[in-house]
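Worksheet: the structure to be examined is printed underneath.
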Protein chains: 2
Amino acid sequence: MISIGELARRAQCTVPTVRYYESIGLLPKAQRREGGNRAYDRADLARLNLIRRCRDCDIPIERIRDLVSLSEGQRPCGETIAFFEEQRRVIKSRIDALRDLDLTLSLHLQSCESSCLPNGEPCGIFDELQA
Amino acid sequence: MISIGELARRAQCTVPTVRYYESIGLLPKAQRREGGNRAYDRADLARLNLIRRCRDCDIPIERIRDLVSLSEGQRPCGETIAFFEEQRRVIKSRIDALRDLDLTLSLHLQSCESSCLPNGEPCGIFDELQA
DNA sequence: CTTGAACCTCAAGTTACTTTAGGAAGCACA
DNA sequence: TGTGCTTCCTAAAGTAACTTGAGGTTCAAG
């Protein structure tokens, strides 16, 4: 059994975030010690880790709720596979968008760096962006 | 001079979003027609386009405020380049996190698909995820 | 000149948290 | 046993970046 602080540390999130997840029912109500402090076990950490992995990738909480209930309900494989595949599609399109933006930024950086004067005067980087 | 609807359409955002940007001072107070409707010109569109590009990249509004004042103040290139490079770092780490999650999902999908029974009964896909 | 789309303001709702206020619990060490 | 100090507790309010809703006005087409 570990404390909420230890749990948060291991799952790389903050203590209030853990309490918040409990308050919205994404984590089950935690067990309590004598004095009232929350206590967690390995399964809690596993579940929080799963949630955090997903949140780091901006999967909305409602979708994570689906995932968790899928994992608990022992649903047939088909549903689970479909869910995972859908998430992979979302992830893929997000990666594509980010790569695209990165390319744009790198092009603007290049043009800035090549047209910049050594004295550090402003170049035309914003002219293009605002055109 | 174009209407707020036309402006929003061209900058790929919604009308309320434009009004919101004005309300927080990210866009200057719009000119008005006789009846009170907002009217915009090319410069407004340029500025909104810049803002939207950045927001698509999840650059927070406070940072865009910095950028706008950077572009208006004709600051030296160094600052601008540093800003863009920082944004590229943010994008890169976000892509890495997404790729990582995608890999995890694909591994679980594989193990699910290979251990699944043809009748669609649940397999152990979540056992690993929650371990 | 009327009708429907687009516009207006102001207020409240949304998501996923964080921050604040005001205490109580737990643990070291003197 | 007392005295700190960190960690914990709850409840409420704040934050970012918008979206949605209510209730009313303006504008362009027919």
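Chain identifiers are assigned alphabetically (A, B, ...) following the order of the sequence lines, protein sequences preceding nucleic acid strands; residue numbering begins at 1 within each chain.
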For nucleotides 21-28 of chain D, which of its nitrogen or oxygen atoms have a protein nitrogen or oxygen under 3.5 Å away, and what is each distance?
{"from": "dC27(D)", "atom 1": "OP1", "to": "G35(B)", "atom 2": "N", "distance (Å)": "3.3"}

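- One atom, CG of L48(A), and another, P of dA16(C), lie 15 Å apart when rounded to the nearest Å.
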Side chains of residues 20-28 of chain A: which donor-acceptor pairs under 3.5 Å do they make with residues two or more places apart or in other chains?
{"from": "Y21(A)", "atom 1": "OH", "to": "R52(A)", "atom 2": "NH1", "distance (Å)": "2.7"}
{"from": "E22(A)", "atom 1": "OE1", "to": "R38(A)", "atom 2": "NE", "distance (Å)": "3.0"}
{"from": "S23(A)", "atom 1": "OG", "to": "Y20(A)", "atom 2": "O", "distance (Å)": "2.7"}

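- At whole-Å resolution of the value, CZ in R63(A) and C1' in dT15(C) are 16 Å apart.
- For D41(A) (side chain) and D44(A) (main-chain N/O), a donor-acceptor pair under 3.5 Å exists by modelled atom type.
- Here the closest heavy-atom approach between residue L48(A) and residue A11(A) is recorded as CD2-CB, 3.5 Å.
- The side chain of R55(B) lies closest to dA17(D) when the candidates are dC17(C), dC8(C), dA17(D).
- Using a 4.5 Å cut-off on side-chain heavy atoms (C-beta onward), R63(A) and D66(A) make contact.
- Atom CZ in R65(B) sits about 14 Å away from atom C1' in dT15(D), given to the nearest Å.
- Across all strands, R32(A) comes closer than 4.0 Å only to sugar-phosphate atoms, never to a base (heavy-atom distances).
- In this structure, CZ of R9(B) is placed 18 Å from P of dA5(C), rounded to the nearest angstrom.
- In this structure, E22(B) atom CD and dT9(C) atom C1' are separated by 12 Å, rounded to whole Å.
- Using a 4.5 Å heavy-atom threshold, the side chains of L105(A) and F83(B) count as separate.
- Here the nucleotide nearest the side chain of R52(B), chosen from dC8(D), dC17(C), dC18(D), is dC18(D).
- Non-hydrogen atoms lying under 4.0 Å from DNA chain D are contributed by T14(B), P16(B), T17(B), Y20(B), Y21(B), all within residues 12-21 of chain B.
- Dashed line: the shortest gap from a side-chain N or O of S3(A) to OP1 or OP2 of dC8(D) is under 4.0 Å.
- Counting heavy atoms from C-beta outward, N49(A) and L45(A) have side chains that approach closer than 4.5 Å.
- Here dT6(D) presents its C1' atom at 14 Å from CD of E6(A), a figure rounded to the nearest Å.
- A salt bridge does not link R53(A) with D56(A): none of the charged nitrogens is closer than 4.0 Å to a carboxylate oxygen.
- Summarising the geometry, the separation between CG on D58(A) and C1' on dT15(C) is reported as 11 Å, rounded to the nearest angstrom.
- Proximity note for I4(A) (side chain, C-beta onward) versus dA16(C), dC8(C), dC8(D): the nearest is dC8(D).
- Salt bridge R88(A)/E85(A): absent, no basic N to carboxylate O contact under 4.0 Å.
- Looking at R65(B) and V68(B), their side chains never come closer than 4.5 Å, going by heavy atoms from C-beta outward.
- Between I2(A) atom CD1 and dT7(D) atom C1' there is a gap of 14 Å when expressed in whole angstrom units.
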